[in-house]
Amino acid sequence: MTALGRASGVRVGVRLRSGPHHCATMSIMLSTESGPPPLHLFTCPTVQPDMLNVHLLPHTHDDVGWVKTVDQYYYGVQNELHHGAVKNILDSVISALRAEPSRRFVYVEMAFFSRWWHQQTNATQQAVRELVRQGRLEFANGGWVMNDEAATHYGAIVDQMTLGLRFLQDTFGDDGRPRVAWHIDPFGHSREQASLFAQMGFDGIFLGRMDYQDRELRKKKREMELVWRASASLQPPTADLFTGLLSNAYDPPKHLCWDLVCDHDSSMVGDPFSPEDNADVLIDHFLDVATKQWQSYRTNHIVMTMGGDFHYENAHMWFSNLDKLIQLVNAEQQASGSPVHVLYSTPACYLWELNKANLTWSLKEDDFFPYADGPHQFWTGYFSSRPALKRYERVSYNFLQVCKQLEALAAPAANVGPYGSGDSALLEEAMAVLQHHDAITGTSRQLVADDYARRLAAGWGRCEVLLSNALARLSGSQEAFSICPELNISVCPLSQTSARFQVAIYNPLARKVDRMVRLPVSAGAFLVKDPSGHAVPSDVSPFRDCHPPELLFSASVPALGFSIYSVSRVSLRRSKTHIPQPISQKPGSAVLNIKNEHIRATFNLETGFLMQIEDLEQKLVLPMNQSFFWYKAGTVGQKISQSSGAYIFKPQQQKPLPVSDSAQIHLLKTPLVQEVHQNFSAWCAQVVRLYRGQRHLELEWTVGPIPVGDKWGKEVISRFDMPLDTKGYFYTDSNGREILKRRKKRESRVGENYRPTWNLNQTEPVAGNYYPVNTRIYITDGKKQLTVLTDRSQGGSSLQDGSLELMVHRRLLLDDNRGVGEPLLEEGSGSWVRGRHLVLLDAVGTAAAGHRLLAEKEVLAPQVVLAPSGSALYHPGATRQLQFSGLRRELPPSVHLLTLARWGPQTLLLRLEHQFARGEDSGRNLSSPVTLNLQNLFSTFTITRLQETTLAANQPRASASRLQWNPDTGTTPTPTVPPLDPASITLQPMEIRTFVASVQWEEFAWSHGGDPVQA
Ligand SMILES: [Zn+2]
């Protein structure tokens, strides 16, 4: 290969040990150049430069919940369900490492390791520190979990990695800092994940799963190792990540599995006097596997992953066999000239050998979705599995950020106050667990999914106490604050039973927001007053379809702050409150409209379906048809080679069936909102809604429980069909951040479909074109763009030009044979799901401004908190404060405040993000670099010192360095870090900058007679 020619090495022919399977002459590269290794690599094992070095990586893959709950896996409870006991694994591994100094081990999941660590004696902890220092116990990845990459939001990924890496940094210092990311099990790989890992300072990543066709081709082309350019906006090599694709997922070679759960493989005997001696056979086999594997890789180093799911509970079994393998293979080589050298190693040490080879590597710029492990086996169902859990996780991300911000703004008064002790730590941990690749994905058993939800709920409890303490401190009054978690189904006891109450709305964005507040109330009329005592327009909707009346008013909330509104019931005669009446459709007219000052939506009265959207300002008109369909998903008793399940989407027919040919509709119009209520079937309904002043159309769908009495599993989609010439292209976000262009080939040719880096033989025209949608999907004809924002992760696609679909819910009767062993039936909670799609119609050049800013408002929506009226002061002399902002000035629209959180007793963690991509916005110039002044920015504290760190905050940016790799398109030098000036922080498009700020909290201004808005 040409790249090898450029490497500074020579190839020599080496004769392999004779035998039927390995008599070929192979060429080996002799490295002639290597600089000194980075400090942590001085502990790496010795390799043989003129031999094939086989790096054995002893590892265990410990799912943070899957068939069993997190605690069941940790303690080894219910081993009959699935054998797994992480506590025993760690006990056993540490003692095996201490017994023999050449042994090494890789550990990954901090949710388990940190728990185990806190249960150890000082002596054991000291011994483990020593193992880490010597590089014999290496942490890879180091996140709280090995997160999923398809259904996760980037903010939650950053949070969970920060949590795990912080534990390692605090416990082991730089010795414990992982250099290599290790995503061996996630079901497909996102580009944004690679970008985040690069920005966290990782030297490379190893992946286990990729499309079976892609893998075979890469093996042939020897492109199993490559450089991934993971951002279209960030200057290379900022988001470049060296990527190694493992040869055999994360399993050991066949016949060489020596765990107690590997029943079929024999131990290595190695006793020439025993009639059972199998060493010759096993070593022949090992050498055969190694030389075959080597043909797909480019240096004289390869890796073998020696472990699997919950392996090493009896670590002695694995290690004693590996000891023997190493001893016999290396002895063999001396005796008969075999060119294979085998050694205990780690991911970082293997990566260092690749780096020293100084090759150029192929460059990848797309992602690894969708993942198929065989024909008709696309893992695209999990993009949508368990939609209720996916929404609960997204709302919890929102609430966690609110909780962390208030913990930072109100200082210790948030943690201990009139409502007791609260903190964000429990929700932070629960959210980190939820990012695991069997949690947010919906691929765990039902009892485990219930346990994930329980963890979130416990975390919410601690945060609610914190929120009450903080609001009391910042507002100067002790209200009995409460949140109504069931507002999405119009349930809130306080507002439904009180004649007077207060509504505090906290806004976690760094800009003011206007938001329609919607609360269930008892019948009657209400007067709503803003923080300065002025009445604001409000509506009460009447009883309908068993729904309680709802009070509606528009609230305005300052940046990183709150506004407190008061609500009181008034007599109908005195009130100017509008009581809306449902208006039935007029006979004779063929269409029905709802509109506000920006948008008009038109419905076909015959079908009841949405048939057109107009943007009244930009004078854009887009005819469309939107309704619900379902894919047939196989039935019990059928002989199906692959069925749809928690992971896999495998429709029986490529054409979905309509839920209904028409929808019953009724119309509701008030001064503040216009709604069309559509009823498609007994289990599928939708409200299409336009609030006053809103620039998007809201589609609130309700689906479930999906009936399966007809023995068909069902996968339900919402589909928009429009006359747009989209030329086979559509666009989806990557973890809620950068956008990837997707293509389904327009012309029907063989295989029909498309992948950016290989000629696809498509076996599933629908499932094989599904992609993860975390926050948005759009299509465009080059002039108009239709964007749909989601309120949770879903699978989506555009299967025909001008068509766009999102899978909202699925209920299945069969398991898909990927290990969970349970059909995705979701009896009880989770079977009935409500969600929203926000639809934006825009001209292409200004569309990004619309969807970026709206997605930000949805992911970090204001938190509504209720309190009865008539409270005590926070302390005697305190002044009531009905409006508050944590910022002295708003941040510009292109800047997102990604993190504001407590870091230490006197320090905060701060992340600022440019939320536009390069060249994305041509209207308001929002894609330009932006410069901020952090001095005197926050109102409750002053920053006294600022240190910039890498993305996960585990090393100073100035001293961070990564291994450099040469892509075949040419090398770009790493840019130097400019000196830090808090008065002038510049963000380039899509850049995130992370700071640890030393701060001094201020006595709040109003305690000294400031000028707040007073009650
Ligand atoms: Zn796993």
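We count residues from 1, following the sequence as given. Ligands are counted one by one from 1 in listed order, and the atoms in each one are counted from 1 as well.
- No side-chain donor-acceptor contact under 3.5 Å links Arg218 and Ser296.
- In this structure, Asp733 does not pair ionically with Arg737, as no charged nitrogen and carboxylate oxygen lie closer than 4.0 Å.
- Inside a sphere of radius 2.8 Å centred on the Zn ion (ligand 1), the protein N/O/S atoms present are His61 NE2, Asp63 OD1, Asp185 OD2, His437 NE2.
- In this pair, His437 and His61 present their aromatic rings parallel. The plane angle is below 30°, not in the 30 to 60° band.
- A centroid separation of 6.0 Å or more is found between the aromatic rings of Tyr770 and Phe369.
- Remark: Asp373 pairs with Arg818 by the salt bridge (Lys or Arg N to Asp or Glu O under 4.0 Å) rule, at least two apart or across chains.
- Under the 6.0 Å distance and 45° angle rule, Arg115 counts as a cation-pi partner of Tyr74.
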